[in-house]
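All remarks here apply to the structure that follows.
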Amino acid sequence: MKRILITGGAGFIGSHLCERLLNEGNDIICLDNFFTGSKENIRHLIGNNRFELIRHDITKEFFAEVDQIYNLACPASPVHYQYNPIKTIKTSVVGIMNVLGLAKRCKAIILQASTSEVYGDPKVHPQTEDYWGNVNPIGIRSCYDEGKRCAETFMMDYHRQNKVDIRIVRIFNTYGPKMALDDGRVVSNFIVQALKNEDITVYGDGSQTRAFCYVSDLVEGLIRMMNNEEGFIGPVNLGNPVEYTILDFAKLIIELTNSNSKIIFKPLPQDDPIQRLPNIENAKSKLKWTPKVEIRDGLMKTIEYFDGILNKK
Ligand code: NAD
Ligand code: UDP
């Protein structure tokens, strides 16, 4: 049994992680400012005496005694992280300073939820962890990309200078139940549009690619990385290495939902990466991790979830 702090614990990935680690018998502190997260995601855990929910913003200091920290706090959808870009970069940069300070004081292991966005619009394909990336430092995505890159720098410097025990995980597109209905990312947008028989909005010509990992696989990878006994600090890519064009992905969602929706094309947002696919050889060899959930199975569970929410409204 460990005392575990999960920042961003009421968000999509965070809420799955809270549930899994609580079920395994740990004491969980779930810290969230509810910007994109929701109490609904963790309502079923409230009342468990090993679960504590704290409304707090990681740009402010926080004190607790814990053994492990998963730092997930940060809006992840482009729509949400671009809503208040200054706050987004502060969450990554000021936030990681506070959380690393806490880790240092408690001698806790800290895992940072980094992102494939540190590779920007990558010129190396698939992306390996030794690739330094191709990031626009002054574009509309940089509040997120550069914030996450700076957070990785802080992690490495606290590790080298102060011997803080760190883990850096670069998460690739992850999907599943508990994504917010208005999240704005491609999986939730397409499923909700398809279920409502509304037009499916493909940005650009749909030839850009992504690879989609189901949330339970991702959570397993995060936990393996946190607890790996070789002291492997990463960075490590976690994602499902099956590449789809966004246009093919739209067609797949229409097929799985039996929808009458039509595909329409909208302008491609600025700096939208053209291709993205993880190389997961490090995760396979060092963590013995591979994703298990097939895309059709994962999508059906996600479709059921959104269908349930839409029917409640
Ligand atoms: P999410 O938006 O659902 O969750 C983020 C959570 O952090 C929310 O509950 C939000 O309220 C909280 N939060 C935001 N700013 C905060 C602050 N200043 N203080 C406290 N809490 C704050 O997103 P998610 O998909 O669950 O992503 C979780 C983490 O994983 C993020 O750090 C994200 O960058 C990273 N990530 C996710 C993906 C993905 O595909 N889901 C891909 C790469 C990286
Ligand atoms: N996208 C799209 N239609 C939508 C939402 C997203 O075509 O309604 C595209 C987006 O332009 C990008 C890809 O889908 O090329 C993935 O977008 P998402 O916002 O999910 O995350 P990203 O991987 O860009 O961070």
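Since this is a predicted model, take the numbers as computed values, not measurements. In each ligand, atom 1 is the first atom listed, and ligand 1 is the first ligand listed.
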>> Under 4.0 Å between a side-chain nitrogen and a carboxylate oxygen: does that hold for K87 and D57?
In response: yes
> Just distances here: any N/O of T36 and N/O of ligand 1 closer than 3.5 Å?
Replying inline: yes
>> At under 4.0 Å between heavy atoms, is it the side chain or the backbone of R185 that contacts ligand 1, or both, or neither?
In response: side chain
> Is there a chain of hydrophobic side chains (I, L, V, M, F, W, Y, each step under 4.5 Å between heavy atoms) that links I280 to L111?
Replying inline: yes
>> Check for me whether F249 has a heavy atom closer than 4.0 Å to any atom of ligand 2.
In response: no
> Within a reach of under 6.0 Å around CZ of F265, are more than 12 heavy atoms found that belong to other residues, nucleotides or ligands?
Replying inline: yes
>> For V186, which part has a heavy atom under 4.0 Å from ligand 2: side chain, backbone, both, or neither?
In response: both
> Counting both backbone and side chain atoms, is some N or O of F12 under 3.5 Å from an N or O of ligand 1?
Replying inline: yes
>> Test of understanding: given a 4.0 Å heavy-atom threshold, classify the contact between S116 and ligand 1 as side chain, backbone, both, or neither.
In response: neither
>> Quick check: L72 and ligand 1, any N/O pair under 3.5 Å apart?
In response: yes
> What protein heavy atom sits nearest atom 22 (C) of ligand 1, and how far away is it?
Replying inline: N33 OD1, 3.0 Å
> Taking atom CD of E198 as the centre, does the number of heavy atoms from other residues, nucleotides or ligands within less than 6.0 Å exceed 12?
Replying inline: yes
>> Could you check whether F249 and F212 have their ring centres less than 6.0 Å apart?
In response: yes
>> Would K286 and F232 count as a cation-pi pair here, with the cationic atom under 6.0 angstrom from the ring centre and within 45° of the axis?
In response: yes
> Is it the side chain (CB and beyond), the backbone, both or neither of N173 that lies under 4.0 Å from ligand 2, heavy atoms counted?
Replying inline: side chain
> Judging by distance only, is a nitrogen or oxygen of A73 under 3.5 angstrom from one on ligand 1?
Replying inline: no
> How far is atom 34 (O) of ligand 1 from its nearest protein heavy atom, and which residue and atom is that?
Replying inline: Y144 OH, 2.6 Å
> Quick one: does ligand 1 sit under 4.0 Å from the side chain of F34, the backbone, both or neither, non-hydrogen atoms only?
Replying inline: backbone
> Considering only the protein, which heavy-atom contact is closest to atom 13 (C) of ligand 2, and what is its distance?
Replying inline: I246 CD1, 3.7 Å
> Does any N/O atom on G37 come nearer than 3.5 Å to any N/O atom on ligand 1?
Replying inline: yes
>> Contact between N279 and Q127 at the side-chain level, heavy atoms closer than 4.5 Å - yes or no?
In response: no
>> Below 4.0 Å, non-hydrogen atoms only: which portion of T91 touches ligand 1? Side chain, backbone, both or neither.
In response: side chain
> Starting from atom 26 (O) of ligand 1, which protein heavy atom do you reach first, and at what distance in Å?
Replying inline: I13 N, 2.8 Å
>> What protein heavy atom lies closest to atom 10 (C) of ligand 2? Include the residue and the distance to one decimal.
In response: D272 OD2, 3.3 Å
>> Among all the protein's non-hydrogen atoms, which is closest to atom 16 (C) of ligand 2, and how far away is it?
In response: R210 NE, 3.6 Å
> At what distance is the nearest protein heavy atom to atom 5 (C) of ligand 2, and which residue and atom is it?
Replying inline: Y203 CE1, 3.4 Å
> Can an N or O of S38 be found at a distance shorter than 3.5 Å from an N or O of ligand 1?
Replying inline: no
>> Heavy-atom distances under 4.0 Å decide this one: backbone, side chain, both or neither, for K148 against ligand 1?
In response: side chain
>> For atom 44 (C) of ligand 1, tell me which residue out of A76, A180, S114 has the closest non-hydrogen atom.
In response: S114
>> Under 3.5 Å between any N/O of N189 and any N/O of ligand 2: does that happen in this structure?
In response: yes
>> Counting non-hydrogen protein atoms only, what is the nearest one to atom 3 (N) of ligand 2? Give residue, atom name and distance.
In response: T201 O, 2.6 Å
>> I'd like to know whether ligand 2 has P78 as a neighbour, heavy-atom separation below 4.0 Å.
In response: yes
>> Only heavy atoms of R185, strictly under 4.0 Å: list the atoms of ligand 2 that pass.
In response: 19 (O), 20 (O)
>> Looking at E152 and R149, is there a salt bridge between them, counting it only when a charged N and a carboxylate O are closer than 4.0 Å?
In response: no
> Tell me: protein heavy atom nearest atom 43 (C) of ligand 1, and distance?
Replying inline: I171 O, 3.1 Å
> Taking only heavy atoms of H56, which atoms of ligand 1 are found under 4.0 Å from at least one of them?
Replying inline: 19 (N), 20 (C)
>> If I take atom NZ from residue K148 and atom OG1 from residue T153, how far apart are they, to the nearest 0.5 angstrom?
In response: 13.0 Å
> Are any of the side-chain nitrogens in R3 or D67 under 4.0 Å away from the carboxylate oxygens of its partner?
Replying inline: yes
> Short list, please: which atoms of ligand 1 are under 4.0 Å from a heavy atom of N173?
Replying inline: 40 (O)
>> If I apply the N/O under 3.5 Å rule, does T174 come out as touching ligand 1?
In response: yes
> Does some non-hydrogen atom of A10 fall short of 4.0 Å from ligand 1?
Replying inline: yes
> Looking just at side-chain N and O atoms, do T209 and E243 make a donor-acceptor pair shorter than 3.5 Å?
Replying inline: yes
>> Is there a polar contact between ligand 1 and D57, counting only N or O atoms under 3.5 Å apart?
In response: yes
> Roughly how far, to the nearest 0.5 Å, is the CG atom of N84 from the CD1 atom of I89?
Replying inline: 12.0 Å
> Of G8, C74, G147, which has the heavy atom at the shortest distance from atom 5 (C) of ligand 1?
Replying inline: C74
> How about R170 and Y119: does a side-chain donor come under 3.5 Å of a side-chain acceptor?
Replying inline: yes
> Is the shortest distance from a Lys or Arg side-chain nitrogen in E255 or R296 to a carboxylate oxygen in the other one below 4.0 Å?
Replying inline: yes
> Between R55 and N33, do the side chains contain an N or O donor and an N or O acceptor separated by less than 3.5 Å?
Replying inline: no
> For ligand 1, which atoms sit closer than 4.0 Å to a heavy atom of G11?
Replying inline: 3 (O), 4 (O), 8 (C), 9 (O)
> Between K163 (side chain) and R160 (backbone), is there a donor-acceptor pair under 3.5 Å?
Replying inline: yes
> What part of K266 sits under 4.0 Å from ligand 2 if we count only heavy atoms: the side chain, the backbone, both or neither?
Replying inline: neither
> ligand 1 and T115, any nitrogen or oxygen pair closer than 3.5 angstrom?
Replying inline: no
> Starting from atom 11 (O) of ligand 1, which protein heavy atom do you reach first, and at what distance in Å?
Replying inline: D32 OD1, 2.6 Å
>> Could you check whether atom CD of E294 has more than 12 heavy atoms from other residues, nucleotides or ligands sitting under 6.0 Å from it?
In response: no
> Salt-bridged, D307 to K312, with N to O below 4.0 Å?
Replying inline: no
> With a cut-off of 6.0 Å (strictly less than), are more than 12 heavy atoms of other residues, nucleotides or ligands near CE of M97?
Replying inline: no
>> Would K87 count as being in polar contact with ligand 1, using the rule that some N or O on each side must be under 3.5 angstrom apart?
In response: no
> Which protein non-hydrogen atom lies closest to atom 19 (N) of ligand 1, naming both residue and atom, and how far is it?
Replying inline: I58 N, 3.0 Å
> Of all the heavy atoms in R141, does at least one lie under 4.0 Å from an atom in ligand 2?
Replying inline: yes
